Amino acid sequence: MHRRTFIKKTSNTALGMGLTLSFPSGMIVKEDTLFFKISLAQWSLHRSLRSGKLSTFDFPAKAKNDFDIHAVEYVNQFFIDKAKDHKYLKELKQRTSDLNVENVLIMVDAEGELGNQDKKARLQAIENHYKWIEAAQFLECKSIRVNLHGEGSRTNVAKAGEDSLVQLSDFAKDYAINIIVENHQSYSTHGDWLSKIMKNVNHSNCGTLPDFGNFYEYDRYQGVKDMMPFAKGISAKSHDFDEQGNETQIDYVKMLQIVKNAGYTSYIGIEYEGTNDDEDKGIQLTKELLVKAAKEVK
């Protein structure tokens, strides 16, 4: 699968009594000391969400109370039938507003292939994304993340994908929403392929979401470097950590140096999907690593 309680007991009590929560060392970070902002991707808690231990309504409070993270990134899989449910969206928006938590983006899956060679199927996929653009605007998000999948040659999928992105970006412009593509399976995991598409689309509200981990045949550092000129979001993917708290497969200092060199200063979303640590610990370790690595960037 992809996209995956240390103070759980005390957080609600403390808040109810007006007390200040005490977070573990390294968790409290003044964001003005970093060159970027930190958000939490909902996928980091996918096991808790799928088991019913956590709901989308509870997610923003957990991000703030358990991790001192004040911005969240949603995954539509966890409220797949709610894109047009204004009562549901209004409740979610009210909760984030009450918490002073920012809604950053919605990651959109399972709405069809935007690189499909079948024109009718592709147009249906485009239309399927419209409701999420509208939902994102209602929640005051900045972007929706889309996938650029499709069967066929690199050239043909790219051509179909470019047309889809133009149509989505044109529609989203009136909603002040960005359409951003993640390196998420298929040809999109090749940074050069995706950066060329961005140049051809050439829309100010169309960009990329570099994910540190979703590279397979393509060098991950080159891939992020390819995507950074168009980045409107970043996913700090993590799986496993060594005894020093470093991600075992990804050099976070090297990644953040690439990010800083590109002049990026917006949100980096924590996206823990490991299995060796529980979700709360994995999120905590990823945040601490981001902070530690940022201090080493020149």
Side-chain angles (χ1 to χ4, degrees), residues 1-4 39-59 72-86 88-89 92 103-139 141-152 157-158 160-169 171-172 175 177-189 194 197 206-211 213-214 216 232-233 235 237 269 271-273 279:
M1 291 191 308
H2 296 282
R3 285 210 200 289
R4 323 243 208 256
S39 52
L40 180 62
Q42 192 177 16
W43 189 260
S44 299
L45 294 157
H46 69 271
R47 281 177 283 166
S48 296
L49 287 152
R50 284 176 170 165
S51 71
K53 289 171 58 179
L54 184 73
S55 73
T56 294
F57 281 149
D58 299 327
F59 167 56
V72 293
E73 304 177 4
Y74 299 102
V75 179
N76 75 327
Q77 293 183 38
F78 301 115
F79 55 113
I80 193 70
D81 59 340
K82 305 298 185 182
K84 294 186 175 183
D85 187 334
H86 285 188
Y88 181 95
L89 296 176
L92 183 58
N103 295 322
V104 178
L105 60 84
I106 302 175
M107 297 184 177
V108 180
D109 298 313
E111 291 291 4
E113 295 183 340
L114 297 175
N116 201 314
Q117 301 303 293
D118 183 296
K119 187 174 181 180
K120 183 177 179 180
R122 188 169 58 80
L123 289 175
Q124 183 61 60
I126 292 169
E127 291 181 8
N128 290 346
H129 283 75
Y130 288 164
K131 61 182 179 290
W132 292 108
I133 292 170
E134 293 168 344
Q137 185 205 42
F138 185 87
L139 291 173
C141 296
K142 301 294 189 295
S143 310
I144 66 164
R145 185 279 275 143
V146 304
N147 299 308
L148 212 55
H149 300 161
E151 297 292 330
V157 174
E162 288 167 9
D163 184 68
S164 294
L165 291 176
V166 166
Q167 292 192 56
L168 282 175
S169 299
F171 180 87
Y175 293 84
I177 295 294
N178 297 313
I179 304 298
I180 56 179
V181 184
E182 181 182 352
N183 47 306
H184 194 215
Q185 303 175 19
S186 189
Y187 301 125
S188 69
T189 62
L194 198 48
I197 286 175
C206 186
T208 59
L209 180 78
D211 183 301
N214 290 348
Y216 308 104
K232 296 182 182 295
S235 281
K237 180 64 62 61
E271 191 173 56
Y272 173 70
E273 66 172 22
E279 292 174 322

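Keep in mind that what you see is a predicted model, and the values were worked out from it rather than measured.
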Establish, from distance only, whether the side-chain atoms of Arg122 and Gln117 form a donor-acceptor pair under 3.5 Å.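 No, no side-chain donor-acceptor pair sits under 3.5 Å.
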Any donor-acceptor pair under 3.5 Å linking the side-chain atoms of Thr56 with those of Gln42? yes
What distance separates [X] [atom1] from [Y] [atom2], expressed to the nearest 0.5 Å?
{"X": "Ser48", "Y": "Asp58", "atom1": "OG", "atom2": "CG", "answer": "11.0 Å"}
{"X": "Ile133", "Y": "Ser169", "atom1": "CD1", "atom2": "OG", "answer": "8.0 Å"}
{"X": "Ile144", "Y": "Leu209", "atom1": "CD1", "atom2": "CG", "answer": "12.0 Å"}
{"X": "Thr208", "Y": "Leu148", "atom1": "OG1", "atom2": "CG", "answer": "12.0 Å"}
{"X": "Phe138", "Y": "Ile177", "atom1": "CZ", "atom2": "CD1", "answer": "12.5 Å"}

Search all heavy atoms of [X] against all heavy atoms of [Y] and return the closest pair with its distance.
{"X": "Ile106", "Y": "Cys141", "value": "CG1-SG, 4.1 Å"}
{"X": "Gly150", "Y": "Val157", "value": "O-CG2, 3.5 Å"}
{"X": "Ala136", "Y": "Ser143", "value": "CB-O, 4.3 Å"}
{"X": "Pro210", "Y": "Gly233", "value": "CD-O, 3.0 Å"}

Checking [X] side chain against [Y] main chain: does a donor-acceptor pair fall under 3.5 Å?
{"X": "Asn178", "Y": "Cys206", "answer": "no"}
{"X": "Ser188", "Y": "Gln185", "answer": "yes"}
{"X": "Ser164", "Y": "Leu114", "answer": "yes"}
{"X": "Asn183", "Y": "Asn214", "answer": "yes"}

Results of side-chain contact (heavy atoms from CB on, under 4.5 Å) for Ser186 - residues two or more places apart only: His149
For His129 and Phe171, run side-chain contact (heavy atoms from CB on, under 4.5 Å): C-alpha distance rounded to whole Å, both residues' side-chain angles, the deciding distance at 0.1 Å, then the answer. CA-CA 10 Å; His129 283 75; Phe171 180 87; over 6 Å; no
Before giving the answer on side-chain contact (heavy atoms from CB on, under 4.5 Å), spell out for Arg47 and Lys53 the whole-Å C-alpha distance, their side-chain angles and the decisive distance to 0.1 Å. CA-CA 9 Å; Arg47 281 177 283 166; Lys53 289 171 58 179; over 6 Å; no
Identify, with sequence neighbours excluded, every residue that meets salt bridge (charged side-chain N to carboxylate O under 4.0 Å, His left out) alongside [X].
{"X": "Asp118", "answer": "none"}
{"X": "Lys131", "answer": "Glu111"}
{"X": "Lys232", "answer": "none"}

Could you tell me whether the side chain of [Y] reaches within less than 4.5 Å of the side chain of [X], counting heavy atoms only?
{"X": "Asn147", "Y": "Val181", "value": "no"}
{"X": "His184", "Y": "Arg145", "value": "yes"}
{"X": "Leu168", "Y": "Tyr130", "value": "yes"}
{"X": "Leu92", "Y": "Leu139", "value": "yes"}
{"X": "Glu279", "Y": "Ser44", "value": "no"}
{"X": "Met107", "Y": "Asn76", "value": "no"}
{"X": "Val72", "Y": "Val104", "value": "no"}
{"X": "Ile180", "Y": "Val146", "value": "no"}

Gln167 and Asp163: side-chain contact (heavy atoms from CB on, under 4.5 Å), yes or no, with the steps? CA-CA 6 Å; Gln167 292 192 56; Asp163 184 68; 2.9 Å; yes
Can you sort out the partners of Gln137 under side-chain hydrogen bond (donor to acceptor under 3.5 Å, both in side chains), two or more places apart, ordered by chain and number? none
With Asn116 via side-chain hydrogen bond (donor to acceptor under 3.5 Å, both in side chains) - residues at least two apart: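 In terms of side-chain hydrogen bond (donor to acceptor under 3.5 Å, both in side chains), with neighbours along the sequence ignored, Asn116 is linked to no residue.
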Verdict with reasoning, Thr189 to Leu194, per side-chain contact (heavy atoms from CB on, under 4.5 Å): CA-CA 8 Å; Thr189 62; Leu194 198 48; over 6 Å; no
Identify which one of Trp132, Phe59, Phe57 satisfies the ring-ring contact (aromatic ring centres under 6.0 Å, His included) criterion when paired with Phe79.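 Going through the options one by one, the only one that passes is Trp132.
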